[in-house]
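This chain uses plain numbering: 1 for the first residue, then up along the sequence.
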Amino acid sequence: MEKDKIIPFLIIGIFSFVFGYFVGVSQPSYSENIVIQYFKNPKPYSVEDVSLPITYYGTVCGKYIGYQIPPHNVNEEARNSFYRYFKLKDKDPKKAESCLKRALFLTEYLISQSQKEQVEVNGRTISFIIWTYNFEFPLYNLSRGWRGALCQAGCLKTLYLAYLATGDERYLKYANLALNAFEVPVEKGGLLKLRYYKNNSYYWFPEYASENPPYVLNGFITATLWIGEFGDKTNNSEARYLYRRGLKSIETFLPMYDAGNWSYYDALGHKCNRHYEHLQRLQMLWLYNITKKEMYLKYYEKWKE
């Protein structure tokens with residue numbers, strides 16, 4: 001090939017290679033007639049036509065939090081989808097299948113967002129998964145990455161429902177790993193806090209986990225009951241043990257949440273708003289129906305809405 005023809009050929013070839021490199025084109029095949037072969041880039045990721053529950057927090061205690069996808073709202077939506085599935089699976093199989101698809105999508109999202117950890121507790125190695133919050137929560141001075149027992153218990157229940165709906169042992173395995181977090185002290189990244197009263201220690205699963213948690217009542221009650229429910233349905237002895245310890249704590253500390261004809265939301269002296277007052281009264285009735293202990297009925301009747 002003559003010199004005056006080689007130079008333009010090389011210029012075109014170099015331009016084609018550079019252009020192809022940056023736009024995802026294959027390297028051109030060199031010939032007398034320059035040919036650039038275009039290949040479609042692979043698409044390994046699929047996009048599901050579903051939505052995730054987003055919460056708008058706005059500004060909390062002067063800190064703008066904005067829109068977030070908190071894991072407790074995701075597991076709540078997943079549970080509601082599972083409940084709809086169980087209700088409809090015999091009446092309307094097609095609609096039930098749609099509910100199950102959404103429930104499992106949200107469950108898989110939760111699994112993908114969980115963190116797997118392993119720590120030593122009293123000479124015992126405990127592996128667990130846990131969910132964290134990707135934003136600060138200044139109301140209780142919580143930094144990004146904080147954890148909570150109510151959220152964890154909700155994820156535990158969601159995973160069990162996924163197992164119940166599908167029979168897939170994988171979901172039960174994840175549920176047991178989620179349960180393990182309640183055996184790990186908060187100081188080691190778990191959700192167990194020892195709360196002391198009259199020289200005795202009691203188990204507490206804090207809704208807002210920190211070195212000095214606010215000891216929110218309703219979140220602890222719900223987490224304890226869901227742990228107990230998981231223990232009963234799966235015959236899990238550790239869950240039953242944690243449940244019994246949780247009940248003992250509720251009985252011990254409940255009088256401290258009595259504000260006369262109203263109740264306190266946490267141990268810091270914040271009174272419940274109407275929503276949480278209603279919830280805590282229902283929890284008293286729930287506990288009375290389970291335990292038949294009169295103290296719960298007393299507070300149910302004493303606290304007003």
Side-chain angles (χ1 to χ4, degrees), residues 72 75-76 79 121-122 126 128 130 147-161 175-176 178-186 190-210 212-259 262-268 272 276-303:
H72 68 268
N75 70 54
E76 180 181 16
R79 292 195 310 275
V121 178
N122 298 324
I126 300 179
F128 63 100
I130 198 163
R147 306 153 184 229
L150 180 58
C151 170
Q152 187 81 7
C155 291
L156 169 69
K157 187 163 186 173
T158 297
L159 289 164
Y160 171 72
L161 290 172
N176 284 315
L179 177 72
N180 289 349
F182 294 103
E183 301 179 61
V184 178
V186 167
L191 291 165
L192 172 61
K193 187 70 181 176
L194 293 182
R195 189 175 181 184
Y196 294 90
Y197 180 67
K198 292 184 177 180
N199 297 321
N200 293 316
S201 63
Y202 298 86
Y203 277 25
W204 195 279
F205 314 122
E207 181 175 353
Y208 300 96
S210 66
N212 296 297
Y215 296 110
V216 172
L217 179 61
N218 78 85
F220 174 57
I221 291 175
T222 299
T224 297
L225 292 173
W226 282 350
I227 290 170
E229 181 183 47
F230 179 74
D232 286 342
K233 292 185 179 298
T234 62
N235 198 28
N236 187 300
S237 59
E238 185 59 36
R240 287 174 170 171
Y241 172 76
L242 293 169
Y243 169 66
R244 291 194 298 270
R245 293 296 298 262
L247 281 184
K248 184 66 176 176
S249 296
I250 295 171
E251 294 170 15
T252 301
F253 293 101
L254 188 57
M256 301 178 192
Y257 293 85
D258 181 20
W262 208 258
S263 64
Y264 291 111
Y265 176 79
D266 57 26
L268 303 179
C272 288
Y276 284 108
E277 182 70 4
H278 176 69
L279 173 60
Q280 290 189 173
R281 287 188 75 237
L282 291 180
Q283 287 179 325
M284 294 302 101
L285 195 58
W286 190 2
L287 286 163
Y288 172 73
N289 288 331
I290 291 171
T291 67
K292 303 304 180 185
K293 292 193 174 183
E294 292 293 328
M295 68 175 299
Y296 297 121
L297 189 59
K298 180 187 80 171
Y299 286 115
Y300 171 76
E301 293 173 344
K302 184 179 184 183
W303 294 341

Q | Residue of the set Trp303, Tyr276, Tyr257, Tyr215 for which ring-ring contact (aromatic ring centres under 6.0 Å, His included) holds with Tyr265 | A | Tyr276
Identify the two heavy atoms, one from [X] and one from [Y], that lie closest to each other, and give their separation to 0.1 Å.
X: Gln283; Y: Asn218; value: NE2-O, 3.0 Å
X: Met256; Y: Tyr264; value: O-CD1, 3.7 Å
X: Ala153; Y: Ala223; value: CB-CA, 3.7 Å
X: Cys151; Y: His72; value: SG-N, 3.8 Å
X: Cys272; Y: Trp262; value: O-NE1, 2.7 Å

Q: Examine Lys292 relative to Tyr288 and say whether NZ or CZ is less than 6.0 Å from the centre of the six-membered ring and inside a 45° cone about the ring axis.
A: yes
Q: Flag yes if more than 12 heavy atoms outside Asn289 fall under 6.0 Å of its CG atom; otherwise flag no.
A: yes
Side chain to side chain, [X] and [Y], heavy atoms closer than 4.5 Å:
X: Pro255; Y: Tyr299; answer: yes
X: Asn200; Y: Thr252; answer: no
X: Gln152; Y: Ile130; answer: yes
X: Leu254; Y: Asp258; answer: no
X: Tyr243; Y: Thr224; answer: yes
X: Val186; Y: Pro206; answer: yes

Q) What about Phe220 and Phe205, are their ring centers closer than 6.0 Å? A) yes
Please set out all donor-acceptor pairs under 3.5 angstrom arising from side-chain atoms of residues 230-238, sequence neighbours excluded.
from   : atom 1 : to     : atom 2 : distance (Å)
Thr234 : OG1    : Phe230 : O      : 2.6
Asn235 : OD1    : Arg240 : NH1    : 2.9
Asn235 : OD1    : Arg240 : NH2    : 3.4
Asn236 : OD1    : Glu238 : N      : 3.0
Asn236 : OD1    : Ala239 : N      : 2.9
Asn236 : ND2    : Asn176 : OD1    : 3.2

Q.
My understanding is that only residues two or more places apart in sequence, or in another chain, count here; which of them pass salt bridge (Lys or Arg N to Asp or Glu O under 4.0 Å) with Glu76?
A. none
